[in-house]
Each structure stands twice: as structure tokens, then as C-alpha cells.
2 protein chains.
Amino acid sequence: MNTQFVPTKRTRLKRLSKRASYERKIIYQILDEAFICHVGFLCDGQPVVIPTAYGRADDVLYIHGSVSSRMFRALADGIPVCVTVTLVDGLVLARSAFHHSMNYRSIVVFGKAYVVRGAMEKAKALRLFSEHVIPGRWAEVRHPNEGELKKNLVLRMPLIEASAKIRRGPPIDDQADYASSVWAGELPIRLAIGAPINDPRLPQHLKAPAYIRNYKIQSRGTKLF
Amino acid sequence: MNTQFVPTKRTRLKRLSKRASYERKIIYQILDEAFICHVGFLCDGQPVVIPTAYGRADDVLYIHGSVSSRMFRALADGIPVCVTVTLVDGLVLARSAFHHSMNYRSIVVFGKAYVVRGAMEKAKALRLFSEHVIPGRWAEVRHPNEGELKKNLVLRMPLIEASAKIRRGPPIDDQADYASSVWAGELPIRLAIGAPINDPRLPQHLKAPAYIRNYKIQSRGTKLF
């Protein structure tokens, strides 16, 4: 396997190119840490962007949808798609307004999405979504029956054209502004998990299992903190 | 002002319509709490989705970009745009794989984006971005000079066609599955802020001001926790 995606006209960063990466390893780490993507596609000539869950298996991105979603049906024909994943890691506070920024890791994937029709691949993809978001859950829950499988739309998007854009570290100010007496630095941001909330209909003796109580988003991918 | 957006063919939710809202107040609360949007537009016939900062002033969304960004220049012509904002509030863990879900609040805005050419409106929008992300910062920092203003591209998108999609609360399982002995409930998620990190070039006597030390993302909008 190629360790790098080949930059294309669409994925090559012209501006701030030092923030770009085409490394498969880096791109896959970001895809594996996040769990929501924003999918862009055309619907009646209008760009539409919707958030949804996804999972990755090797060089394929599986996108979660519903058969009854009009917008997702538009993806069914193998039309061009852009999938973007964004992790915000912090606010970057410079001495000048202009140099304020954010630390982030984002991925853009261009390509086509195809409907997964085989029941076996579809079931595997649903397991993938589940284990991607909350490892350990799949082994416990009732698995989808035939009717439920039919209601799920799963899209398959080969990972061929992708790039990452990453900013880390302190602000970069104009030389003259370093003499300023304004505080400058970073405010880290991450997703945090609260205590589990029992379903009101849960029998009292049922307690949240360890994989729920100890759930950490960051432990699923690259550690941030 | 109309308190409701008029649902259109594009914004009316056909599926899970009980999750939809067209209330201006609800839509604006979500826009005011989040600070990253995903902008979808066409570039050479290909849908492109990029994350960026934004701000809202009354019924106008201002989108932050750069003059040197090829993609943002494509927006300059008033082409159709879709802006999506997503807040993930939690994982919803059902007894069946099929009924797993997420709690979230998302906004989709359709419309056209126009370049802000007036220096005054542009400067106001930059202040808006700053105060939106980190209230109190603008008063402290060096404001943009003429050259910096020119390097910023600000887009203006009137809020005309918008909808919210919101899911809250516990899982909804099939009746038969409530007899299951699997734990079910919610895992709340929110953005958390870490301790400020000083810029390595900061003089030692400069300490982070209160608006940085006490920064809370949720305090800027609807409180979640």
C-alpha cells in the first residue's frame, strides 16, 4: 500500500501548504479519532452538507444513512461527494486580531460514494459504525434483523483522494507585536464525556458496563491530552 | 421579524419530522453556541466542504475566509452555498444496534454568499468573529490594519432558508427489547476547555486574563450542563 495519497489539483494545498499532509497514517488517525463527518453532495443542483456517522475499514470509508432519507438517496448513484472531518484542538490567541487562529486537524476526501447492496457487507459496516463510536457495544446489543438491515443505507467510498490540514502550536505574531503586553497563547479544546445517564425504563439493578463508564473519545484514536 | 423560517422543499424534514424546527430563536441559539461551520459549495463542478469560523449579526451569517484561498474565491460570485453547523450532545445507547443514535443539534442554511467589500462592514465582521469565539478579546488585541483587512475575505449570507434538526433524550427501543438486560441510556458529550498554555515568547509576568481563564464554550450560548 502506498503510504501517501497522491496530491491532486483538488487536494493540494496552495495556501499554508506547511499545514498539509497526504500521509495515509496521519489521515487515518484523524478519521479514526473523529466519529462525525460532513458529507457534501449535489441535490437538484444545490450543494447540500449533512453530518453523519462513518467508519473506516482499510482504504474504504463507510458512511451511515437511512433508506428513507431523500438526501442520502441522491448519493446512491455514485455521484461526486466530498467528506470532511474536523477535530478542533484549541483556540490560538495572538497579540493581533489578524493572527488569531485555531488548532485543528481536518480531513477532506473527494470521490464517489456507492450503495452497499450485499447484506453481509452491510452488516459488517453497521458493526464497524458501532465499534468505531463505542468499542465493546456490538457484543452486547441485539443485532439488526433483516427488516432493520433494509432500512439502513450504507455507502462505500474508496479512500483514493484525500488530504489532511493540521495546525498546532502557539500563535505566530508579527515581529513588532511580540513587544505587546497582551496575553497570548493557546486554549486547548477537546470533547469531554459526562457521566452515563440511565434510560428511565432501565431496571434498577442494571449498571453501566465498564466500556461505558470508562469511555474516552481520545482513547479511541491519537491521544490529545 | 418572522419568528419562524418558512420551510421549503429543501429544508422541510420528510423523515423524523418531529426532530425539525424552523424557529428563528432555536436556530440562532445553536448558531451562537457553535463556532465552526462546514460550508459546502461547487468548485469546478465538484462539491467541496470546508470547515471555517463564522459569526451572526441579526439575520446575516458572516463567514470567515482568506483572499488567497482558491476555494473561498469560488464563493465570491454569489454561488449557491450550504452552511451546516453541528453540535454533538451525546451518544444514545439503545438495547438494539438499530436504535443507537446520537443526541445533537444541527442547522442547515441554504442560500448565496456574497463578498463583503466595504472596509467598515468587513472590520465589523472581523470583530464579530472574534467576539463570537472569545468574548472580551477584541478590546485587548491590536486591530487589523489596512493590509490585513485586505487579506481577509468575509462573506455575507442572509439567513433566509434555514432549519434545525434536534435529537434529545433517551433511546427509543422496540417494545420487545425493553425486556433485555443490556444497559441503555445516554453518554453526554460536550466541548471542554483545558488550562491556557502560555505562548513560549510571553514575558513571565503576563498572566492569562479572566475572560481566558474562565472561558466556557457553553456560557456563550444555550447551557448544556
Side-chain angles (χ1 to χ4, degrees), chain A residues 10 14-15 36 38 40-42 46-51 66 68-70 80 82 84 86 88 91 95-98 106 110 126 130 133-134 140-144 148 170-171 177-178 181-194 196-202 206 208-209 212 215, chain B residues 10 14-15 36 38 40-42 46-51 66 68-70 80 82 84 86 88 91 95-98 106 110 126 130 133-134 140-144 148 170-171 177-178 181-194 196-202 206 208-209 212 215:
Chain A
R10 303 188 291 198
K14 304 253 184 339
R15 199 175 71 88
I36 293 284
H38 283 79
F41 54 96
L42 276 184
Q46 164 74 41
V48 177
V49 178
I50 56 169
S66 161
S68 48
S69 157
R70 176 174 55 98
C82 177
T84 300
T86 307
V88 177
L91 306 179
R95 293 146 183 96
S96 58
F98 183 73
S106 72
F110 292 108
L126 295 179
S130 179
V133 177
I134 184 153
E140 274 213 323
V141 294
R142 176 174 70 69
H143 292 178
E148 289 170 342
D177 289 325
Y178 280 100
S181 61
V182 174
W183 183 87
E186 298 161 63
L187 257 184
I189 296 181
R190 60 166 179 161
L191 288 180
I193 307 296
I197 300 168
N198 287 353
D199 182 339
R201 294 182 61 175
L202 198 72
L206 282 180
I212 303 274
Y215 183 75
Chain B
R10 302 188 290 198
K14 303 252 185 339
R15 200 175 70 86
I36 293 285
H38 282 80
F41 54 96
L42 276 184
Q46 163 75 41
V48 176
V49 179
I50 56 169
S66 163
S68 49
S69 156
R70 176 174 56 96
C82 176
T84 300
T86 308
V88 177
L91 307 179
R95 292 145 183 98
S96 58
F98 183 74
S106 71
F110 292 108
L126 295 179
S130 179
V133 177
I134 185 153
E140 274 213 321
V141 295
R142 177 174 68 70
H143 291 179
E148 289 171 341
D177 290 324
Y178 280 99
S181 60
V182 174
W183 183 87
E186 298 161 62
L187 257 184
I189 296 180
R190 60 167 179 160
L191 289 180
I193 306 296
I197 300 168
N198 286 354
D199 182 340
R201 294 183 62 176
L202 199 72
L206 282 181
I212 303 274
Y215 183 78

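Values below: all heavy atoms of this structure, side chains included; hydrogens, waters and symmetry mates excluded. Just so it is clear: chains get the letters A, B, ... in the order the sequence lines come, proteins before strands, and each one is counted from 1. What you see is a predicted model; the values in this text were computed from it and never measured.
The distance from the CG atom of B:Leu42 to the CG atom of A:Leu42 is 4.5 Å, given to the nearest 0.5 Å. Rounding to the nearest 0.5 Å gives a distance of 8.0 Å between CD of A:Glu140 and OG of B:Ser181.
The choice from A:Ala97, A:Pro171, A:Pro144, A:Pro200 that makes the most heavy-atom pairs within less than 4.5 Å of chain B is A:Ala97.
Heavy atoms closer than 4.5 Å to chain B are found in the side chain of A:Leu91, but not in its backbone. With a threshold of 4.5 angstrom between heavy atoms, A:Ile36 approaches chain B through side-chain atoms but not through N, CA, C or O. Looking at A:Pro47, both its backbone and its side chain come within 4.5 Å of chain B, counting heavy atoms on both sides. For a residue to count as touching a neighbouring chain, one of its non-hydrogen atoms must lie under 4.5 Å from one of that chain's; by this rule B:Asn198 touches chain A with backbone and side chain alike. Heavy atoms closer than 4.5 Å to chain B are found nowhere in A:Ser130, neither backbone nor side chain.
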With side-chain hydrogen bond (donor to acceptor under 3.5 Å, both in side chains) as the criterion, how do B:Asp199 and A:Trp183 come out once you've worked through the C-alpha distance, each side chain's angles and the decisive distance to 0.1 Å?
CA-CA 8 Å; B:Asp199 182 340; A:Trp183 183 87; over 6 Å; no
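By the 4.5 Å heavy-atom criterion applied to side chains, B:Phe41 and B:Val49 are not counted as neighbours. In this structure, the side chains of A:Pro51 and B:Thr84 come closer than 4.5 Å at one or more pairs of heavy atoms.
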